[in-house]
Amino acid sequence: MGSTSAENTGTGSAGVGRRDLIKRSAALGLIAVPTMSFLSACASGGGGDDQDKAEAGEKTAKNPLGVNNSAQLEFVLFDGGFGKEYAEDAVKIYEKNFPDATVKFSATQKIQSTLQPRFNQGTPPDLIDNSGAEQMDMGVLVSKKQLADLTPLLDAPSYDDPDKKVRDTLRPGIVEMGQFNGEKVWIFYYAYTVYGVWYSQKALDSLDAEYPKTWDEMLAVCAKAKKKGMAGWTYAGKYPYYLPFSLYPMIGKVGGTEVLDAIDNLEPNAWKHPAVKACFEAYYELYQKGYVLKGTPGLDHIQSQTAWAKGDALFLPNGSWVENESANVIPADFDLAVSAPTGLDDSDKLPFGTIWASGGEPFIVPAKAKNGTGGMEQLRIMLSEASSKNFTAKVKSLTAFDGGTDGIELTPGLKSGVAALELAGDNVVNPRLQDWYVKLQKEQIGVGGLGEMMAGRLTPAEAIKKIQGYADDAAKDSSIEHYKHQ
């Protein structure tokens with residue numbers, strides 16, 4: 001996000017607009033927080049040492065990292081919304097450049113359960129796309145020194161122009177996102193994701209409505225949709241950490257980026273800021289008024305996206321991978337669009353258009369990889385203009401490479417995402433909880449807090465109290481590394 005650490009963001013009395021118009025409902029009772037099959041990365045070292053590593057190859061203009069020409073490369077990809085074809089295409093280039101090397105490529109949705117035992121044994125792959133519901137906790141991986149520093153990749157000549165370093169070809173913020181309290185870069189985010197509220201422009205036009213800029217307008221649009229038999233919203237109820245894709249930038253819009261920074265920094269009472277309270281109450285009102293698709297708390301991401309694509313709901317909080325992930329269910333005339341989150345009113349700190357956009361699809365090279373240099377070279381290939389264009393054309397999303405869209409006919413969602421970034425200008429936020437504290441973000445804030453609130457089992461005040469408790473526990477937990485905006 002680029003902003004500095006916040007000042008005190010406790011329970012001040014500064015007005016944030018419409019919060020007095022949003023009424024708290026009575027508590028509907030507490031239930032036990034559902035558990036998730038989410039495990040933190042283990043600190044165990046075991047197995048593998050420098051003797052197992054591939055010998056360095058000769059550094060040349062075509063091989064600036066000094067990859068061993070005959071060493072095997074193992075590459076494990078998360079098989080998610082972007083599919084695997086883009087990576088397979090990049091592997092073919094690696095194989096062409098290093099014909100004596102064998103590449104073992106595989107794709108899985110079970111990153112954690114498949115790879116954690118191998119980290120524990122000291123025999124991890126050389127390159128991993130650490131993404132999805134079973135993402136390994138990157139904060140833990142970094143703190144336990146299980147990742148290789150990617151600075152050699154960033155300082156290497158770019159694939160297309162030897163006079164430009166790889167780092168000089170990247171979109172703003174990509175390098176910083178991979179850093180954790182220091183200059184070293186542990187994670188490389190390959191995709192560039194636009195998070196926000198996704199919808200069908202055709203459906204919105206059928207309601208004779210424009211995308212709402214204030215919360216009163218949002219409620220009015222949802223009321224129109226309800227009269228026509230369409231829910232206002234749906235979301236991945238089984239994975240309610242999708243809700244922050246629109247909720248967090250709304251909080252930043254209402255209260256300023258310093259509120260999000262304080263939350264990321266685990267500052268005391270950060271979740272008790274009036275902007276947080278107002279935004280939670282706004283979202284809760286969607287539930288209270290029956291504007292959330294019935295059964296949403298039981299839907300996973302695919303089911304909610306399918307219902308939305310069928311026209312059962314108008315709005316969906318998600319990331320730009322949704323266009324590719326839902327390609328088989330989105331009608332040809334859907335006219336997919338994305339917008340920055342609706343705000344409260346004209347008292348918001350930041351203008352309409354404030355959006356969350358950042359690096360996505362985190363790639364890592366394990367410290368104990370046998371051919372980590374090969375893993376970095378595979379990433380260098382993927383950051384060529386040709387590979388970047390191939391990714392964008394095939395999966396309808398931008399990459400970390402600053403360019404790669406010339407000559408490509410942009411799909412509706414991608415075109416809308418680019419327009420949203422242009423509208424945002426400098427008002428782009430980048431909350432870090434999801435990569436600094438994975439368990440806190442997904443299991444506790446997402447499932448235990450927001451998921452319970454949007455299912456009507458917690459009031460906003462109860463959800464905030466619960467989430468602040470989770471954050472306070474994380475701040476006091478000496479077993480985990482803590483990070484702050486610099």
Side-chain angles (χ1 to χ4, degrees), residues 79-86 109 191-212 217-218 220-240 242-243 245-246 286 290-342 355 357 360 390-398 405 408-421 423:
D79 191 2
F82 294 138
K84 57 186 179 180
E85 192 175 351
Y86 78 93
Q109 293 190 359
Y192 194 73
T193 302
V194 177
Y195 301 98
V197 180
W198 295 78
Y199 59 98
S200 161
Q201 186 63 53
K202 178 185 176 185
L204 197 59
D205 290 344
S206 74
L207 298 174
D208 193 25
E210 294 183 353
Y211 183 84
E217 292 172 359
M218 169 60 75
V221 170
C222 289
K224 276 189 173 184
K226 189 174 183 179
K227 285 181 180 177
K228 292 205 170 185
M230 175 188 288
W233 284 66
T234 190
Y235 58 90
K238 287 186 177 179
Y239 310 120
Y242 276 55
L243 286 165
F245 296 155
S246 58
L286 296 174
Y291 294 156
V292 178
L293 179 67
K294 188 176 180 181
T296 286
L299 302 180
D300 64 20
H301 58 303
I302 298 298
Q303 291 168 324
S304 61
Q305 289 164 197
T306 301
W308 161 76
K310 286 168 55 183
D312 294 340
L314 183 59
F315 297 123
L316 178 83
N318 218 303
S320 47
W321 62 79
V322 71
E323 185 169 22
N324 191 61
E325 192 168 55
S326 300
N328 62 330
V329 292
I330 293 178
D333 62 348
F334 193 75
D335 199 5
L336 179 64
V338 63
S339 178
T342 301
I355 201 166
N390 185 54
F391 178 89
T392 298
K394 285 185 173 174
V395 310
K396 309 173 184 69
S397 183
L398 301 171
T405 58
I408 298 176
E409 184 177 350
L410 300 182
T411 56
L414 188 53
K415 188 184 296 183
S416 181
V418 171
L421 287 174
L423 176 63

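These numbers come from the heavy atoms of this one structure, side chains and all, not from hydrogens, waters or symmetry mates.
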Fill in: T296-T234 side chain donor-acceptor pair, cut-off 3.5 Å
yes
Item to complete: Identify the heavy atoms of V197 and P341 that sit nearest to each other, and give their distance.
Response: CG2-CA, 4.3 Å
Worksheet entry | Where L410 and V418 come nearest, the two heavy atoms and their spacing | CD1-CG2, 4.4 Å
Worksheet item: Between the side chains of E323 and S397, is a donor N or O closer than 3.5 angstrom to an acceptor N or O?
Response: no
Practice prompt. Begin from the C-alpha positions of D300 and K238 and carry the test salt bridge (Lys or Arg N to Asp or Glu O under 4.0 Å) through to its verdict.
Written response: CA-CA 5 Å; D300 64 20; K238 287 186 177 179; 5.4 Å; no
Worksheet entry | Option among Y291, W308, Y211 that satisfies the ring-ring contact (aromatic ring centres under 6.0 Å, His included) test with F315 | Y211
Worksheet item: Nearest 0.5 Å, what's the OG1-CG distance between T306 and N328?
Response: 7.0 Å
Worksheet item: Has K294 got more than 12 heavy atoms of other residues, nucleotides or ligands less than 6.0 Å from its NZ?
Response: no
Discussion item. Using a strict threshold of under 4.0 Å (side-chain N to carboxylate O), is an ion pair present between K202 and D333?
Written reply: yes
Fill in: Closest heavy-atom pair and its distance - C222, G232
SG-CA, 3.8 Å
Response to the item:
Closest non-hydrogen atoms of L414 and K396, given as atom of the first, atom of the second and distance, are CD1-O, 3.9 Å
Discussion item. Is it the case that the ring center of F245 lies less than 6.0 angstrom away from the ring center of Y235?
Written reply: no
Worksheet item: Should the pair H301 and Y242 be assigned to parallel (<30°), tilted (30 to 60°) or perpendicular (>60°) ring geometry?
Response: tilted
Practice prompt. Compare all side-chain heavy atoms of Q201 with those of L336 and state whether any distance is below 4.5 angstrom.
Written response: no
Worksheet item: Side chain of S326, backbone of Q305: donor and acceptor closer than 3.5 Å?
Response: no
Discussion item. Is there a side-chain contact (heavy atoms from CB on, under 4.5 Å) between V221 and E210? Walk through the geometry before answering.
Written reply: CA-CA 8 Å; V221 170; E210 294 183 353; over 6 Å; no
Worksheet item: Okay, side chain of N324, backbone of G81: is any donor-acceptor separation there less than 3.5 Å?
Response: yes
Item to complete: Locate the shortest heavy-atom distance separating G319 from T193; write the atom from each residue and the value.
Response: CA-CG2, 4.0 Å
Worksheet item: Which heavy atom in S206 sits nearest to a heavy atom in A203, and how many Å separate them?
Response: OG-O, 2.5 Å
